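A short write-up of the structure that comes next.
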Amino acid sequence: MQTQAGNPGAFAQFDLSRVDSPAFVVDAAKIRANCQILAEIRDEAASDGASIKVFAALKAFSMWSVAPILGEYLDGVSTSGLWEARLASEFYDGEIATYSAAFKPEELEEICRLSEHVIFNSPAQMKRAALILDHAATTGGDVSPGLRINPMVATGEVPKYDPSAPGSRLGFPIDQLTEEVMEGVEGIHFHNLCEQTFQPLQQTWDRVFDAIEPWFGQLKWINMGGGHHITRADYEREELIEFLKDAAGDTGAEIILEPGEAVALDAGILVGTLLDTGFNEVPIGITDVSATCHMPDVLEAPYRPAMLGELSDEDSVPIRLGGPSCLAGDVIGDYRLPVKADAGARFAFLDQAHYSMVKTNTFNGVQLPSIWLWDSETGGLECVKRFEYEDFRDRLS
C-alpha cells in the first residue's frame with residue numbers, strides 16, 4: 001500500500017533533539033489548518049441553506065489535548081463504542097455519533113444517553129435495542145437511530161481495509177433493504193473509503209442513491225463516513241462542495257462527513273533513535289521505534305511510512321530499519337537516512353498522528369512513545385504525556 005501523505009511541512013525545520021525518543025510530535029498549527037479547510041468546505045456547501053456537518057472520527061485521532069481546536073471548527077465527533085463516547089462527552093464539543101459493529105446490551109443505555117446518533121450494523125440489532133431506544137426517548141433523550149449499510153462497491157486498494165470487500169461484516173447489504181428493514185430508521189450511514197479522493201465517493205453514492213431513494217423524506221440524516229482525504233493538496237474540493245449541495249438537495253436530509261485522517265493529515269511525526277547497526281546481506285539498523293508496537297499499520301496494510309528528509313540519491317546506501325522487539329517481522333523498511341547511520345542518530349517518520357497513536361501497544365515491554373504538542377506558528381513545545389513503567393505493569397494485572 002502506497003502512503004498518500006508525507007508532506008514534511010513545518011517539520012522540515014523541527015529540531016528532533018528537542019523531544020524524547022521515541023516520541024510523537026503533533027503540530028497544533030497543522031491541526032488547525034486542516035480543520036479550517038474542513039469547515040470552509042462545509043460552510044460553502046451549506047451556503048444555500050443545506051444542512052452539512054463535519055464530525056471528527058476519534059477512531060483515527062483521539063488526542064484530546066487538541067479537542068478545543070477541533071471544537072472551534074467542527075460540529076462534533078464520531079465514536080466507535082462506549083469508551084470513545086465517554087471520551088467525547090468529557091472533552092469534545094458538539095454532537096456525538098456512535099457506531100459499532102455490535103453493541104453490548106449492558107452498554108447501550110449509556111451510549112444512547114451520550115450520543116445524538118446511534119448507528120446499528122444490522123436491523124436485528126436495532127430491533128433488539130427497541131426498548132432501550134424507547135426508554136431514551138421517554139426520558140428526554142434525543143437519540144436518533146440509524147442503520148449502517150454496505151454499499152457493495154469495492155473501491156479500496158487493500159481488501160482487509162475495504163468495507164465492501166466480499167463477505168464483509170460491516171454494514172447491512174444494500175440489496176437486502178426492504179420496508180420492514182427500514183422501519184424506524186432515521187438515518188443512514190455508510191463508510192466505504194480509505195485515504196481516497198473524490199471519485200470513489202461519487203462512485204459509492206451513485207450506488208447508494210438508488211438503493212435508499214425510496215426512503216427520501218423518512219431519512220433525517222445521511223452519514224457518508226470517513227476515509228475522505230479532503231485536506232490533501234490534490235483533493236478535488238470544488239467537486240466535493242457541489243456534490244454535498246446536490247446530495248442535500250436531492251435527499252432533503254442532513255449530510256454528514258466524519259473524516260479522521262483528514263483532521264490530522266501530515267500533522268504529526270514519530271521521532272526515533274538508531275540504537276545499533278549491523279550487516280546481514282544488507283545493512284541493518286535497530287531502532288527504538290517498533291513497527292509492531294508503534295506503527296502496526298506498517299505490518300497490517302502493509303505500507304512504508306515516509307521519512308523526514310530521506311535522501312533520494314541512488315548512490316547512498318539504504319539501511320533496513322527495525323524495532324527492538326523479538327518479532328522477526330518487526331521491520332519498518334529500507335531507508336536512505338538523512339544522517340550518518342551511527343548509534344545515537346535521530347530520525348523521524350512523517351504523517352504519524354492518525355491511527356499510529358491510537359494503535360500503539362506494549363508487546364515485549366517496548367516503551368510507548370511520549371506525546372508532544374508543538375505549535376509551528378509560535379514555536380511553543382509541550383510534553384503532554386509520558387508513559388512510565390507503571391503504565392505497562394498495571395495494564396494486565
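Along the sequence shown, the residues carry numbers beginning at 1. Remember, it's a predicted structure, so these values are computed and weren't measured experimentally.
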Self-check item: Polar side chain donor-acceptor pair, E258 to N223, under 3.5 angstrom
Solution: yes
(message) For E44 and R237: C-alpha separation, side-chain torsions, deciding distance, then whether salt bridge (Lys or Arg N to Asp or Glu O under 4.0 Å) applies.
(response) CA-CA 11 Å; E44 190 166 346; R237 295 174 190 167; over 6 Å; no
In terms of heavy-atom contacts, R304 and E310 come closest through NH2-OE2, 2.7 Å
Those residues at least two apart in sequence (or on a different chain) that pass salt bridge (charged side-chain N to carboxylate O under 4.0 Å, His left out) with K53 are E95, E254
Between the main-chain N or O of S376 and the side-chain N or O of D27, is there a donor-acceptor pair closer than 3.5 Å? yes
Any side-chain to backbone donor/acceptor pair from Q125 onto A101? Under 3.5 Å, distance only. yes
Is a side-chain N or O of H294 found less than 3.5 angstrom from the main chain of A23, in a donor-acceptor match? no
Separation between CD (Q36) and CG (D43), nearest 0.5 Å, reads 10.5 Å
K127 vs E180, test: salt bridge (Lys or Arg N to Asp or Glu O under 4.0 Å). Steps then yes/no.
CA-CA 11 Å; K127 287 182 179 179; E180 182 181 3; 3.4 Å; yes
request  = Treat each ILVMFWY residue as a node, draw an edge where side-chain heavy atoms are under 4.5 Å apart, and state whether M295 and V366 are in one component.
outcome  = no
_Check: D391 side chain, E388 main-chain N or O, donor-acceptor pair, under 3.5 Å_ = yes
Closest non-hydrogen contact found for S21 with T273 is OG-OG1, 2.7 Å
- Message: Assess the residue pair K359 and D297 against the criterion (salt bridge (Lys or Arg N to Asp or Glu O under 4.0 Å)); give the C-alpha distance rounded to whole Å, side-chain angles, the decisive distance to 0.1 Å, and a yes or no.
- Response: CA-CA 8 Å; K359 287 188 172 186; D297 281 337; 2.7 Å; yes
Side chain R148, main chain I188, donor-acceptor under 3.5 Å:
no
Sequence neighbours excluded, the answer for ring-ring contact (aromatic ring centres under 6.0 Å, His included) partners of F347 is F349
Any side-chain donor paired with an acceptor under 3.5 Å for D330 and T292? no
* Asked: Under 3.5 Å, is there a donor-acceptor pair between the side chain of N34 and the main chain of T231?
  -> no
- Query: Is the distance between the ring centroids of Y161 and Y303 under 6.0 Å?
  - Reply: no
- Heavy-atom side-chain contact between V26 and W372 under 4.5 Å: no
### Message
Using side-chain contact (heavy atoms from CB on, under 4.5 Å), reason through M224 and W205 one step at a time and then give a plain yes or no.
### Response
CA-CA 9 Å; M224 298 186 177; W205 180 240; 3.9 Å; yes
Do D334 side-chain atoms and P318 backbone N/O form a donor-acceptor pair below 3.5 Å?
no
- Under a single-linkage definition using a 4.5 Å side-chain heavy-atom cutoff for Ile, Leu, Val, Met, Phe, Trp and Tyr, are F14 and M307 assigned to the same hydrophobic cluster? no
The residue among T204, T155, N192 that forms side chain to side chain donor-acceptor pair (under 3.5 Å) with S164 is N192
Quiz item: Is the shortest side-chain N to carboxylate O distance from R42 to D75 below 4.0 Å?
Solution: yes
ask   = Is the backbone of G365 close enough, under 3.5 Å, to the side chain of T362 for a donor and an acceptor to pair up by distance?
value = no
### Task
Without swapping roles, check the side chain of D162 against the backbone of A154 for a donor-acceptor pair under 3.5 Å.
no
(message) If hydrophobic clusters are built from ILVMFWY residues whose side chains come within less than 4.5 Å, do F120 and I212 share one?
(response) yes
Side chains of T79 and T98: do they bring a donor and an acceptor to under 3.5 Å?
yes
Does a side-chain heavy-atom distance below 4.5 Å link T360 with S356? no
So I149 and V208, side-chain contact (heavy atoms from CB on, under 4.5 Å) or not? Walk me through it.
-> CA-CA 9 Å; I149 58 172; V208 169; 3.9 Å; yes
Open item on the list: So does A102 get a backbone contact from the side chain of S100, meaning a donor-acceptor N/O pair under 3.5 Å?
Closed with: yes
Common cluster, L219/I119, ILVMFWY with side-chain heavy-atom separation under 4.5 Å:
no
The single option from E195, Q196, E261 that satisfies side chain to side chain donor-acceptor pair (under 3.5 Å) with H229 is E261
Answer with yes or no whether the hydrophobic clustering places I52 together with I230; edges join I, L, V, M, F, W, Y residues whose side-chain heavy atoms lie under 4.5 Å apart. yes
| task | With the side chain counted from C-beta on, respond yes when L368 and F392 share a heavy-atom pair under 4.5 Å apart, and no when they do not. | result | no
Applying salt bridge (charged side-chain N to carboxylate O under 4.0 Å, His left out) to E236 and not counting sequence neighbours gives none
Practice task
Could you check if a side-chain atom of H117 sits within less than 4.5 angstrom of a side-chain atom of H189, using non-hydrogen atoms only?
Solution key: no
Intermediate values then yes/no, side-chain contact (heavy atoms from CB on, under 4.5 Å), N121 and F172:
CA-CA 6 Å; N121 195 57; F172 190 72; over 6 Å; no
Item checked: NZ/NE/NH1/NH2 to OD/OE distance under 4.0 Å, D20 and R386 -> yes
